[in-house]
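Sequence lines set the chain letters: A, B, ... in the order given, protein chains first and strands last, and positions in each chain run from 1.
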Amino acid sequence: MHIYRKPGFARLLAVLAVLALVATACGEDAEETPTTAAPAPETTAAPEATTDEEMPEEEMEEEMPMEPLRIAVVAPSASNDLAFTQSIVDAVNVIAAEHPGTDVAITDGTFIVEDAAAAIRGYAEEGYDLVIAHGSQYGGSLQEIAADYPDIAFAWGTAADTFGLPNVSAYTAASDEGGYVMGVMAAALTDSSVIGVVGPIEVGDAKLYVDGFHNGAIANGAGTVNINYIGSFSDVALASEAAQAHIASGADVLTGSAQMVVGAVGVAQGAGALWFGTQANQTALAPDLVVASQVYKWEVVLREIISDLASGQMGGEAYEIDLANGGLVIEYNDGFDLPADVRAAADNTVAGIIAGSINTMEAMMTPMEPLRIAVVAPSASNDLAFTQSIVDAVNVIVAEHPGTEVAITDGTFIVEDAAAAIRGYAEEGYDLVIAHGSQYGGSLQEIAADYPDIAFAWGTAADTFGLPNVSAYTAASDEGGYVMGVAAALMSQSGVIGVVGPIEVGDAKLYVDGFHNGAVATRGDVTVNINYIGSFSDVALASEAAQAHVASGADVLTGSAQMVVGAVGVAQANGVFWFGTQANQTALAPDLVVASQVYKWEVVLRQIIADISAGSLGGNAYEINLGNGGLVLEPNPAFDIPAAMMEQMGTVIQGIVEGTIDTGAN
Amino acid sequence: MADIFSGVVIVATLSSGIRLAVPLLLASLGEAFGQRSGVLNLGVDGIMLLGAFGGYYTTLKTQSPWVGLAVGLAIGLFLGLLSSVVSVSLLAEQGISGIGVYLFGLGMSDLLFQRLVGTPLPVPSFQKAPIPLLSDIPVVGDLIFNHSIPIYLAFLAIPVCTYIINRTRFGMNIRAVGENPEAADSQGISVTRVRYAAVTIGGVLAGAAGAVLAIGLGIFQQNLTNAQGFIAIALVYFGAWRPIGVMAGSLVYGMVSAVVLLLKTRGIIPLGASDLAAMIPAVITVLALVVAARRFRAPTALTKPFIRGG
Amino acid sequence: MTSRGPSEAGPRLRTQLLSYSVPALAVLGAFAIGAVMLAMLGANPFTGFWAMAKGAFGSGGALVETALKSTPLLLVGVGITIAFRASVINIGGEGQMVSGALASTIVALGMTDVPAAIALPLALGAGVVGGAIWGAIPGALKAYFGVNEILSTIMLNVVAVQAMNWLLRAPLIDPMEIERGTRIPQTARLPESTDLPLFVEGGRLHIGPVIAVLVAVLVYVLLWRTTSGYRLRAVGLSGDAARYAGMSVERNVVWALTLSGAMSGLAGSILVLGSEGHRMVTDGSTIGFTGSAGFNGIVTALFGGLHPLWTIPSSFLFGGLLVGAIALQRAAQVPTALVLALNGLVVLFVVSLDRYRRQVREREDRRISAIATSSTEDDESPKPLSREDDDDG
């Protein structure tokens with residue numbers, strides 16, 4: 001029987017087939033693994049490090065304090081960046097002034113780590129007395145190089161680790177201290193109660209500053225501190241856009257750390273928002289609006305390192321500049337008329353920090369123990385819409401609270417499966433279980449009652465079922481919808497605007513209603529065609545609905561829920577404008593997305609986590625809205641929004657925040 | 001409201017109907033092949049999804065929708081072969097194996113998408129290719145002769161498939177093994193080989209349907225097809241296993257969907273009834289068959305695995 | 001083709017061992033691939049699968065979850081069995097579950113002050129009726145208008161989901177949702193009198209699984225011990241022969257789909273009345289509510305050899321697979337999509353190797369049964385997917 005022979009072959013085929021698919025699925029990951037191993041070579045430094053124990057005698061010969069020093073600086077950005085690099089260059093110049101004859105060599109702009117390593121090695125080779133590697137990213141290279149040149153002194157900042165090498169000093173800045181002081185001032189100066197922070201990447205010095213600032217502001221009554229780490233130390237344009245986004249969200253006081261913020265300061269100047277600087281005195285960038293700058297005086301540290309050198313010690317210490325040792329100084333802008341009471345509050349804060357009576361980490365919402373957070377959500381984590389919004393927010397929380405453990409079960413559109421997952425996480429003792437789907441409410445009500453010790457959060461919803469361990473969170477998506485409706489009405493030539501919705505429920509309905517009302521209120525003659533296609537997942541139908549809008553004359557489109565990715569493509573293909581919601585949809589139609597209303601659930605999550613660390617497991621209903629920075633209108637940087645329209649949008653946002661404009665939803 | 005009868009709107013709506021119909025058409029043509037040979041493949045939607053992802057991903061990487069389409073076809077070919085192995089050689093229960101393929105495709109396409117792409121990015125779609133002269137005919141020209149090439153090809157596939165099934169030796173063999181495999185076998189036709197070919201053709205067309213859908217939309221998302229593969233299976237029955245009938249079914253479903261969308265867009269169907277309106281394409285499709293039902297017989301050996309001497 | 005009968009007399013031990021070890025091997029094969037995928041995604045396959053096994057069968061709580069997950073699979077599977085036995089294919093389980101659930105919900109909402117002894121049976125009964133109607137429609141369309149039931153059941157799924165969306169969004173919505181402005185498309189909590197009673201207060205296990213098993217037994221009796229069941233199967237075996245014998249093929253087709261729909265409707269009803277939330281809610285799709293039980297029930301029915309009693313263990317195992325998969329996802333933190341793909345692989349592998357199991361059985365069969373039924377029937381309907389001619393009665 002021939003059928004007996006085939007199956008073996010056929011089965012093999014099937015197995016191979018599946019394996020091939022699997023291999024492609026996971027190929028990317030397989031490739032990623034080697035990269036994680038990359039930092040390993042550091043360990044090779046160990047044997048070499050032992051050799052320099054023989055060196056002290058040579059050291060003794062070189063310790064000549066009388067002799068003019070030769071100091072080299074390698075730094076990532078420009079010497080005149082008004083920020084990180086400038087702070088060390090200024091400090092070295094101070095030293096040079098104090099010790100005439102000091103030979104200073106500077107290699108700036110070496111953002112390429114390998115180039116920096118080459119420069120550091122070069123200076124060491126040339127026998128400089130002190131080589132300053134001014135960038136935390138240089139640490140790995142420095143560890144290697146310093147071991148190779150045991151008779152050269154190195155300094156590394158901002159860092160706290162000397163690798164156990166006797167010829168490396170580390171230096172860092174307690175920038176949270178000045179940050180806290182400026183946060184106090186910012187809280188006192190804001191009218192909108194919204195403060196914006198532009199950061200690079202949430203690491204080191206920048207993170208310290210931002211955390212301190214945040215805590216100072218919150219501890220002194222600021223409503224909302226929106227923090228935007230743009231993911232780059234060098235992208236000035238992005239920093240500028242981030243500042244714009246803060247302004248659009250109602251911020252009237254801004255700050256930021258690292259060299260790319262020069263762009264953001266310009267935005268503050270343009271928008272009339274106040275600015276607090278750090279790292280260097282940034283008054284020159286916005287002479288009217290910079291309130292104060294926290295200035296780094298690295299010379300405080302350098303003096304100590306040099307005196308170590310003079311006494312024959314080449315390193316091994318970690319130094320810090322702070323308010324107490326004068327390494328951090330708050331420099332006020334004379335051109336800004338700072339109210340006396342605010343100044344007094346700032347001075348008191350400085351005194352308090354130095355005296356130790358104020359803890360800059362105090363307002364930090366980090367609970368003592370790292371939290372375990374679980375998320376159960378209905379669609380895919382990368383849906384550019386509802387689920388992605390919570391996943392992104394949880395990631396922000398993780399970045400803010402390192403050590404937070406996160407478990408995500410996405411794609412659980414089956415309500416009973418979601419219930420099982422929620423129950424499972426509760427059973428496993430997660431501290432906070434987030435049920436991110438309004439359809440999960442019925443189940444959650446039962447489950448939460450069974451686990452009174454676990455905190456639950458449910459969104460989008462407004463009901464906590466009267467349970468003390470359930471928080472509810474919702475989005476006033478009608479607010480951003482209204483603003484974008486206004487913009488859409490202004491932009492439309494044809495007077496016809498199309499909306500693609502899923503089903504007329506919940507969040508989608510709020511958004512659509514808000515959008516409709518905003519458009520109609522702005523222009524009486526505008527027609528808003530609304531098409532609820534009856535599905536959250538039918539991408540093809542959403543696409544055709546958008547086509548139908550275009551065929552009916554619409555030249556501006558919007559839509560809500562995850563299936564609209566199909567509709568955005570139609571906007572792009574037909575050259576009509578698109579307004580996005582839930583997540584930033586600019587990538588889907590880079591030329592024609594005007595703006596997106598982005599959900600920042602972290603605003604709510606921070607409050608829920610604060611509640612938990614304060615001992616309350618729930619009972620509150622939270623909302624993200626334009627006022628508290630949980631809803632942010634992110635304009636497409638590539639899209640040239642007319643200034644007049646931008647202004648009108650700003651007015652509308654203000655009106656909504658202040659309550660003078662009613663979006664009319666509900 | 002009056003302007004819904006304007007030429008532009010009519011053309012746009014009917015073009016929309018054609019676009020909606022084409023993936024259904026391709027997938028159900030393919031399914032018709034398999035069923036004619038006696039194999040029910042419930043896994044169409046899974047094949048479509050993997051074809052859609054393959055087509056999308058390739059287009060994203062190469063920026064060429066044509067290469068993308070080719071990869072979609074190749075994936076369809078591969079999965080068609082896999083389905084044949086399971087249904088024909090391994091004699092699996094076709095109802096189950098199809099659901100297995102569906103679940104696998106649904107999960108795997110999403111997994112690949114999350115791992116290889118992450119955030120949805122748009123890809124270039126097929127260019128419209130107006131046919132010279134013909135596309136200048138008012139209304140009709142724009143409606144019929146102003147589409148992208150895959151859409152022409154899909155419709156061209158109808159007479160081709162009709163010819164293959166009715167006029168070629170291969171088509172005759174397909175029908176023979178679908179009706180009476182024992183008899184076919186006794187005449188020296190390899191039931192296995194014919195069914196392999198038919199099911200694989202079905203896979204290729206399903207892969208093509210997915211790729212055309214994804215590349216046509218220029219985007220991919222989890223469960224992109226939204227169960228269109230199952231609608232396509234239903235339409236095989238609407239079309240009574242005949243390519244022309246399958247086309248009629250796809251067009252009815254697509255066109256009604258497009259008209260409903262237009263009426264909603266124009267507010268003629270009130271907002272409050274939008275979900276009720278979304279039922280209309282399904283209802284009309286069934287009613288159309290009630291009115292025009294002709295009693296065709298299904299291939300006798302449909303769903304029955306063939307064991308020689310069994 | 002003939003296939004094995006679950007209760008055929010005296011199979012040899014070797015045959016039995018073979019026939020049961022094959023599916024186990026198939027599952028192992030699928031899991032081997034799953035392990036590779038898990039490893040590539042950076043998860044430990046052993047912890048993952050251990051979590052899966054524990055999550056499905058490893059504790060009392062796990063077994064309860066599995067039983068609850070299996071309940072709709074079993075009921076739909078039994079319904080599928082009825083339809084397929086009568087030679088009609090029902091792919092409308094999803095829609096029938098939804099319509100049953102909606103009917104239950106509507107009735108339950110009106111039972112505010114009615115004692116449980118009346119309210120609960122009425123609510124469950126409404127589910128049965130709701131599903132039955134949704135099954136009767138394609139039945140009638142097939143019998144009297146020649147509309148193929150695969151077409152109509154798939155299309156009615158589309159209709160059901162939109163009906164659900166509309167009902168839960170507009171007439172049945174919890175008034176509080178409008179008041180609060182949140183507009184979640186869900187009903188108010190159903191009266192407690194319609195909650196499915198729990199075995200242990202504070203536990204999760206309600207009487208749903210028991211109802212499902214009882215129904216499965218009942219359907220077995222119906223199909224093999226009553227005239228009506230005999231007629232259904234006769235029509236399924238050969239429409240013409242049945243017609244010849246004076247049976248109404250049309251009426252039996254309607255009856256089969258109606259019964260089949262009723263089973264799915266009951267499944268939907270139990271899903272609502274026994275749900276965690278005790279209310280009906282939509283996410284805009286049927287799957288969000290049914291968990292695809294309407295489709296997966298086909299798998300369990302066919303694995304159960306289209307026999308109501310064998311569908312019981314088949315559903316339980318498949319339910320365990322689904323419940324374990326959730327646990328696996330949670331433990332390994334892999335995308336849920338992987339779990340779905342893995343489920344597909346398990347189904348494919350098991351069904352692919354099922355042939356060996358059946359071959360072993362067939363050799364047995366061939367000796368027992370003399371002649372297979374003729375395949376020259378001129379029935380307009382497709383053949384059943386699988387048919388067991390061996391009668392237990």
Part of Gln388(A) within contact of chain B (heavy atom distance under 4.5 Å): side chain
Best-contacting candidate, Gly498(A), Ala545(A), Gly569(A), against chain B by heavy atom pairs under 4.5 angstrom: Ala545(A)
Nearest-0.5 Å distance, CD1 of residue Ile219(B) to CE of residue Met563(A): 14.0 Å
Options Leu541(A), Asp383(A), Val500(A), ranked by heavy-atom pairs under 4.5 Å with chain B, top entry: Leu541(A)
Residue of the set Ile269(B), Val260(B), Leu261(B), Leu263(B) for which side-chain contact (heavy atoms from CB on, under 4.5 Å) holds with Asn531(A): Leu261(B)
Distance (rounded to the nearest 0.5 Å) between Arg19(B) CZ and Gln547(A) CD: 4.0 Å
Closest non-hydrogen atom pair, Leu121(B) against Ala587(A): CD2-CB, 4.1 Å
Candidate pair Phe113(B) and Asn382(A), rule side chain to side chain contact (heavy atoms under 4.5 Å, CB included), full reasoning: CA-CA 9 Å; Phe113(B) 177 56; Asn382(A) 59 347; 3.5 Å; yes
Donor on one side chain, acceptor on other, Ser16(B) and Glu544(A), under 3.5 Å: yes
Any donor-acceptor pair under 3.5 Å from Asp275(B) side chain to Ile503(A) backbone: no
Nearest atoms (heavy-atom pairs only) where Ala540(A) meets Leu20(B): O-CD2, 4.2 Å
Steps toward side chain to side chain donor-acceptor pair (under 3.5 Å) verdict (Asn223(B), Ser537(A)): CA-CA 7 Å; Asn223(B) 189 18; Ser537(A) 52; 4.8 Å; no
When Gly534(A), Ala548(A), Ser379(A), Gly566(A) are compared by non-hydrogen pairs under 4.5 Å with chain B, the top option: Ala548(A)
Side-chain donor/acceptor of Gln221(B) to backbone N/O of Val539(A), under 3.5 Å: no
Heavy-atom pair count under 4.5 Å with chain B, highest-scoring of Ser543(A), Ala380(A), Ala551(A): Ala380(A)
Exam field: side chain Lys264(B) to backbone Ile530(A), donor-acceptor pair closer than 3.5 Å: no
Minimal non-hydrogen separation, Ser552(A) against Leu262(B), with atom names: OG-CD1, 4.0 Å
